[in-house]
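Worksheet: the structure to be examined is printed underneath.
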There are 2 protein chains.
Amino acid sequence: MDQLSLTFHALADPTRRAILARLAQGEVTVNELAEPFELRLPTVSKHLKVLQRASLVSQTRRAQWRPCRLEPAPLKEAAEWVWDYRAFWDESFDRLDEFLIR
Amino acid sequence: MDQLSLTFHALADPTRRAILARLAQGEVTVNELAEPFELRLPTVSKHLKVLQRASLVSQTRRAQWRPCRLEPAPLKEAAEWVWDYRAFWDESFDRLDEFLIR
DNA sequence: TAGCTAATTAGCTGATTAGGAGAATAAAAA
DNA sequence: TTTTTATTCTCCTAATCAGCTAATTAGCTA
């Protein structure tokens, strides 16, 4: 699977998007991550696997904790892909376009 | 399923992204759309169904043809979602941020 | 060492998906 | 009316996914 497909697939789930939103505030352990969801830990762990497969999340090791961190590179790639279509929704996209070229 | 999940799911396939890229150049019939792929027509038709379910593509009726058209609204929503994370990949995002607020 | 906590793995179920083949529908053309 | 063209529908298989429970690994602590 190519990177873009991995990324979009990972983003196509509300739980995984919520996980990313949580990680945007800083590093979190898997238990802390699972807490707000009505999901068992293995389920959250699997969602994390999907996010890691897409390189959207990385995990370090600290004692028995494995804190997760947001990795922005694939999001940037996805954003760039979507940006290519902005002409279709933004009539006055020229100013934005001009900006982005710089 | 929520709109964002539908959108990202639809984008998580190279064939479907290629279909969108083709539609960005203008309206196309299903046959023309299928031509560059090594896929049977019903398969392409199914991919179109996924794109339509996400409201990324609409179909009109002209004689026995059903030309497809790109619908940008869900792409805009997806772009806005991803943009919220730009701070993580763009160190100098302040100028962009300033721009987008306007 | 034993016991505790954090997290993952294995294995299950039910639902969905991507691909195919072939039949069916709908409109145009002969 | 028959034929051709465009597209979809129905059914099939193999693979994947989201959720669960139970068991396992890894590291800390007493």
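Fair warning: this is a prediction, and the values are worked out from it, not measured in the lab. Every chain is numbered from 1, with letters handed out A, B, ... down the list of sequences.
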* Asked: Atom CZ of B:Phe37 to atom P of C:dA18: distance rounded to whole Å?
  -> 14 Å
* Asked: What does A:Arg16 touch in the nucleic acid at a heavy-atom separation under 4.0 angstrom: a base, only the sugar-phosphate, or nothing?
  -> sugar-phosphate
* Structure fact -> Winner on side-chain proximity to A:Asn31, out of D:dT7, C:dA7, D:dA26, is C:dA7
* Structure fact -> A:Arg40 CZ to D:dA23 P, in whole Å, measures 16 Å
* Check the surroundings of atom CD in B:Glu35: do more than 12 heavy atoms from other residues, nucleotides or ligands lie under 6.0 Å from it? => no
* To the nearest Å, how far apart are A:Ile19 CD1 and C:dA7 C1'? -> 14 Å
* Asked: Tell me: CG of B:Leu39 to P of C:dA18, nearest whole Å?
  -> 11 Å
* Please work out if A:Glu32 contacts a base, only the sugar-phosphate, or nothing of the nucleic acid, heavy-atom cut-off 4.0 Å. => nothing
* **Separation of atom CD in A:Glu35 from atom P in C:dA7, rounded to whole Å** => 13 Å
* **Donor-acceptor pair between B:Ser55 and B:Glu71 side chains, under 3.5 angstrom** => no
* Any side-chain N or O of A:Thr43 under 4.0 Å from OP1/OP2 of D:dC20? -> yes
* Let me know the distance between CZ of A:Arg66 and P of C:dT9, rounded to the nearest Å. => 8 Å
* Between C:dT17 (P) and A:His9 (NE2): distance, integer Å -> 12 Å
* Structure fact -> Result for 5'-nearest mapping on DNA chain C, choosing between A:Trp65 and B:Met1, is A:Trp65
* Structure fact -> Result for 5'-nearest mapping on DNA chain D, choosing between A:Ala63 and A:Leu41, is A:Leu41
What are the atom names and distances for every N/O pair under 3.5 Å that joins the protein to nucleotides 9-14 of chain D?
residue: D:dC9; atom: OP2; partner: B:Lys49; partner atom: NZ; Å: 2.8

* **A:His47 side chain near D:dG19 phosphate (N/O to OP1/OP2, under 4.0 Å)** => yes
* To do: Compute whether any side-chain donor of one residue and acceptor of the other, for A:Gln3 and A:Glu77, lie under 3.5 angstrom apart.
  => no
* Check: A:Arg40/A:Ser45 side-chain N/O donor and acceptor closer than 3.5 Å -> no
* To do: Tell me which of A:Arg53 and A:Gln64 sits closer to the 5' end of DNA chain D, going by the nucleotide each one is nearest to.
  => A:Arg53
* To do: Find the distance between CZ (A:Arg16) and NZ (A:Lys46) and round it off to the nearest 0.5 Å.
  => 12.0 Å
* Find the distance A:Leu48:CG to D:dC17:P and express it as a whole number of Å. => 16 Å
* Asked: Below 4.5 Å, heavy atoms only, C-beta onward: do A:Arg17 and A:Arg22 meet side chain to side chain?
  -> no
* Asked: Relative to each other, are the rings of B:Trp89 and A:Trp83 parallel, tilted or perpendicular (30° and 60° limits)?
  -> perpendicular
